[in-house]
Amino acid sequence: MKTYIILPAYNEEKVIKEVITDIQKQGYSNIIVVDDGSNDNTYKQAKSTGVIVLNHPINRGKGAATQTGIDAAKLLDADIIVTMDSDGQHNPKDIKKLIQPILDGKADVVIGSRMLNTKGMPKSRIVMNKIANIVTYIFFGILVSDSQSGFRAYNKKAYTSVYTYMDRYEFESEMLGQIKNAKLRIKEVPIKVIYTDYSKNKYKHMSRFSAQGLTNGVKMVIRLIENSLFK
Amino acid sequence: MVIQIVVTFGVLLFILPNIYSSYKQKNLTAFGSILWIFFWIVGLIVIWFPELIGLIGELMGVERSIDALVYLSIVYLLYVSLRQKMSINELSKEITLLNRKISLKDVKREKKKLSS
């Protein structure tokens, strides 16, 4: 079974190398990093580890980078695809837990849910995630516990029957809508998110509220409305 | 009367030929060209026969006929804004697809190497 790990990355030069080596330590050598037009040395850092590194000449957002990674894995004939965040928030040890239901033939898509075990998670984040779940349900008619989780696993049937067009964070919701339309089997497994100093500091320049995702949340709703109008 | 003549000559000598050359250079579609010609001809008719504005006002049930023009302008501006939004969306999608195509070149090359 060829499992490909996809890491969409934007300005992650400080952690990308460590994230990749942590994944490799878990026994996964097929890693695709999609550098989404970073302004720093993310590409060089990722390339130095020997994994496949793709480069978006222009920054297009996490959704676009993830879809590029999926397309690359498709070309390389992957059996299972796992998408992860590249800032070290996701624990590579959870990959095994994520792909197990696919290996057992019990699911086509597995979502690593932060909401099944919210211990240690900031309350504001919990609220925002719940709002995002409701928004996803309104727009796409599918209710899951963590609609915005980027830690997901897809089998071949799943990744060949979905194709997202939304470039930013709202692609996670769009993907869920397509999963529902394709009648794929979904399973959610609890994952633990690592809130490192690095990931917390990433949003330091923003105000407290925007850091909690409020601004992103509003933008996401606007883009979802636009998408439903202009598709 | 002078202003009406100046505007008419302006439309006939500059704007209509400009629309025609834009159509020839494929910057405008046939439908777009007809729409623009229609727009300017209506403009010229209104300039020469201003009492027609009153008719439009009556048709729209607006007391002051100038209000009817303002409403029509708002509708037109909204339409233009919508068209621009659609065009930007389309361009944005195309940029993403182009980005993807460029970045996947290496993978395709690598795959070809492995299969040969």
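Chain identifiers are assigned alphabetically (A, B, ...) following the order of the sequence lines, protein sequences preceding nucleic acid strands; residue numbering begins at 1 within each chain.
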S.K.: With a 4.5 angstrom heavy-atom cut-off, could you sort out which part of B:Leu98 is near chain A: side chain, backbone, both or neither?
M.R.: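 Contact with chain A involves no heavy atom of B:Leu98 at all.
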S.K.: Classify the side-chain pair A:Gln148/A:Ser173 by whether it contains a donor and acceptor separated by less than 3.5 Å.
M.R.: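 A:Gln148 vs A:Ser173: donor-acceptor pair found between side chains.
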S.K.: Name the option with the most non-hydrogen atom pairs under 4.5 Å to chain B; the candidates are A:Asp77, A:Thr68, A:Ile52.
M.R.: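 Heavy-atom pair counts peak at A:Thr68.
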S.K.: Under a 3.5 Å cutoff, is there a donor and acceptor pairing between the side chains of A:Gln26 and A:Asp22?
M.R.: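 No pair is found: no donor N or O on one side chain lies under 3.5 Å from an acceptor on the other.
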S.K.: With distance as the sole criterion, is a donor-acceptor pair present between the side chains of A:Asn133 and A:Thr136 under 3.5 Å?
M.R.: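 There is no such pair (donor and acceptor under 3.5 Å, judged by atom type) between the side chains of A:Asn133 and A:Thr136.
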S.K.: Check each atom of A:Asn55 against the heavy atoms of chain B and say whether the ones under 4.5 Å are side chain, backbone, both or neither.
M.R.: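 Only the backbone of A:Asn55 comes within 4.5 Å of chain B.
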S.K.: Can you tell me which residue among A:Ile32, A:Ile20, A:Val34, A:Val82 is in a side chain to side chain contact (heavy atoms under 4.5 Å, CB included) with A:Leu7?
M.R.: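 Going through the options one by one, the only one that passes is A:Ile20.
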